[in-house]
**Q** 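Just passing along the structure, written as structure tokens.
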Amino acid sequence: DVQLQASGGGLVQAGGSLRLSCAASGFTFDDYAIGWFRQAPGKEREGVSYINNRDGSTYYPDSAKGRFTISSDNAKNTVYLQMNSLKPEDTAVYYCAAVDPPPGLSAPALHYIVFDYWGQGTLVTVSS
């Protein structure tokens with residue numbers, strides 16, 4: 001069974017940092033792309049960071065660029081999301097998800113495809 005376990009959420013003051021982890025199992029980690037998504041109350045889910053483990057390429061939409069860093073430890077089948085300079089508007093439940101991307105898919109394209117497997121969320125609360 002594919003499993004994705006997100007952890008590391010918590011309460012942090014504005015300007016602070018958090019590192020989320022996504023532990024994966026049940027699939028060939030090196031062949032998959034992992035994305036971090038978030039959903040705030042009353043808002044649609046949005047993708048914030050992506051990594052394609054096939055080639056290590058990454059993509060960040062504008063909301064995360066310069067503040068979030070996604071990385072992958074293939075030996076541990078774990079993807080991390082380092083979040084710095086957090087803002088109250090970053091408050092949301094954060095989810096990790098996985099997809100087996102088509103060969104040659106560019107990292108920015110990960111922002112637009114459907115992810116097949118989802119973990120449970122971890123809550124990030126940024127206080128002002």
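Just so you know, these numbers use all the heavy atoms, side chains as well, and skip hydrogens, waters and symmetry mates.
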**Q** Apply ring pair (Phe, Tyr, Trp, His ring centres under 6.0 Å) to F29 and list each qualifying residue two or more places apart in sequence or on a separate chain.
**A**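 Checked F29 against ring pair (Phe, Tyr, Trp, His ring centres under 6.0 Å); zero matches.
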**Q** Spell out, yes or no, whether V99 and L4 are grouped together once hydrophobic residues are joined by side-chain heavy atoms under 4.5 Å, including indirect joins.
**A**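 Per the 4.5 Å side-chain linkage, V99 and L4 are not co-clustered.
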**Q** Can you check whether G119's main-chain N or O pairs, donor with acceptor, with Q5's side chain at less than 3.5 Å?
**A**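 The answer is no, because no donor-acceptor pair under 3.5 Å joins these two groups.
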**Q** For a quick test of reading the model, state the closest non-hydrogen atom pair linking P61 to G47 and the distance between them.
**A**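 In this case the closest contact between P61 and G47 is CG-O, 3.2 Å.
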**Q** What is the distance from atom CD of E46 to atom CD of Q39, rounded to the nearest 0.5 Å?
**A**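 Those atoms lie 9.5 Å apart.
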**Q** Say whether L11 and L81 are linked into one hydrophobic cluster, either directly or through other cluster members, by side-chain heavy-atom distances under 4.5 angstrom.
**A**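 L11 and L81: separate clusters.
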**Q** Can you give me the closest heavy-atom contact between Y50 and G35, atom names plus distance?
**A**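 Smallest interatomic distance, heavy atoms only, reads CD2-CA, 3.9 Å.
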**Q** Quick test of your reading: applying salt bridge (Lys or Arg N to Asp or Glu O under 4.0 Å), list the pairs with at least one residue in residues 96-118, sequence neighbours left out, ordered by first then second residue.
**A**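 Sorted pair list: R54-D100.
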**Q** What about L20 and W118, same hydrophobic cluster or not, with Ile/Leu/Val/Met/Phe/Trp/Tyr joined at side-chain heavy-atom distances under 4.5 Å?
**A**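 No, L20 does not connect to W118 through the hydrophobic network.
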**Q** Do I51 and W36 come close enough that some side-chain heavy atom pair is under 4.5 Å?
**A**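 When only atoms from C-beta onward are counted, W36 and I51 do not touch, as no gap falls below 4.5 Å.
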**Q** Return the CD to CG distance between Q82 and L18, rounded to the nearest 0.5 Å.
**A**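 Here the interatomic distance stands at 8.5 Å.
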**Q** Could you list all the disulfide bond (SG atoms under 2.5 Å apart) pairs where at least one residue sits in residues 42-72, not counting sequence neighbours?
**A**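 For residues 42-72, and leaving out neighbouring residues, there are no disulfide bond (SG atoms under 2.5 Å apart) pairs at all.
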**Q** Regarding T28 and D30, do their side chains bring together a donor and an acceptor under 3.5 Å, going by distance alone?
**A**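 Not at all, the side chains of T28 and D30 share no donor-acceptor pair under 3.5 Å.
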**Q** Keeping to residues at least two apart or across chains, list the salt bridge (Lys or Arg N to Asp or Glu O under 4.0 Å) pairs with something in residues 63-72.
**A**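 Residue pairs with at least one partner in residues 63-72: D62-K65, R67-D90.
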**Q** Looking at A40 and A92, what are the two nearest heavy atoms and their distance?
**A**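 The answer is N-CB, 3.8 Å.
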**Q** Just wondering, do I70 and V79 contact through their side chains at under 4.5 Å, heavy atoms?
**A**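 Counting from C-beta outward, V79 and I70 do come under 4.5 Å.
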**Q** Would a hydrophobic clustering, with Ile, Leu, Val, Met, Phe, Trp and Tyr connected at side-chain separations under 4.5 Å, put F27 with I113?
**A**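 No, because F27 and I113 fall into different hydrophobic clusters, even though each may have its own neighbours under 4.5 Å.
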**Q** With a 4.5 Å limit on heavy-atom distance, are the side chains of L110 and Y59 in contact?
**A**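 Not in contact.
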**Q** If Ile, Leu, Val, Met, Phe, Trp and Tyr residues are connected whenever their side-chain heavy atoms lie under 4.5 Å apart, and connections chain through other members, are Y32 and F115 in the same group?
**A**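 The answer is no; the residues belong to distinct hydrophobic clusters.
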**Q** How many angstroms lie between CD in Q120 and SG in C96, if you round to the nearest 0.5 Å?
**A**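 Result: 7.0 Å between the selected atoms.
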**Q** So, the side chain of T125 versus the backbone of T91: is there a donor-acceptor pair under 3.5 Å, distance only?
**A**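 Between the backbone of T91 and the side chain of T125 there is no qualifying donor-acceptor contact (under 3.5 Å).
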**Q** Under the ring-ring contact (aromatic ring centres under 6.0 Å, His included) definition, can you give me all pairs with a residue in residues 66-109, not counting sequence neighbours?
**A**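 Found none.
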**Q** With rounding to the nearest 0.5 Å, note down the distance linking NZ in K87 to OG in S128.
**A**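 The distance works out to 14.0 Å.
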**Q** R38 versus S63: any side-chain heavy-atom pair under 4.5 Å?
**A**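 Yes. Closest side-chain heavy atoms under 4.5 Å.
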**Q** Grab the two heavy atoms, one from N53 and one from S72, that are nearest each other, plus how far apart they are.
**A**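 That would be OD1-OG, 2.9 Å.
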**Q** Of all residues at least two apart in sequence or in a different chain, which pass the side chain to side chain contact (heavy atoms under 4.5 Å, CB included) check with S25?
**A**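 Testing S25 for side chain to side chain contact (heavy atoms under 4.5 Å, CB included), a comparison that skips the adjacent residues, returns Q3.
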**Q** What heavy-atom pair brings I34 and A98 nearest, and what distance separates the two atoms?
**A**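 Shortest heavy-atom contact: CD1-CB, 3.6 Å.
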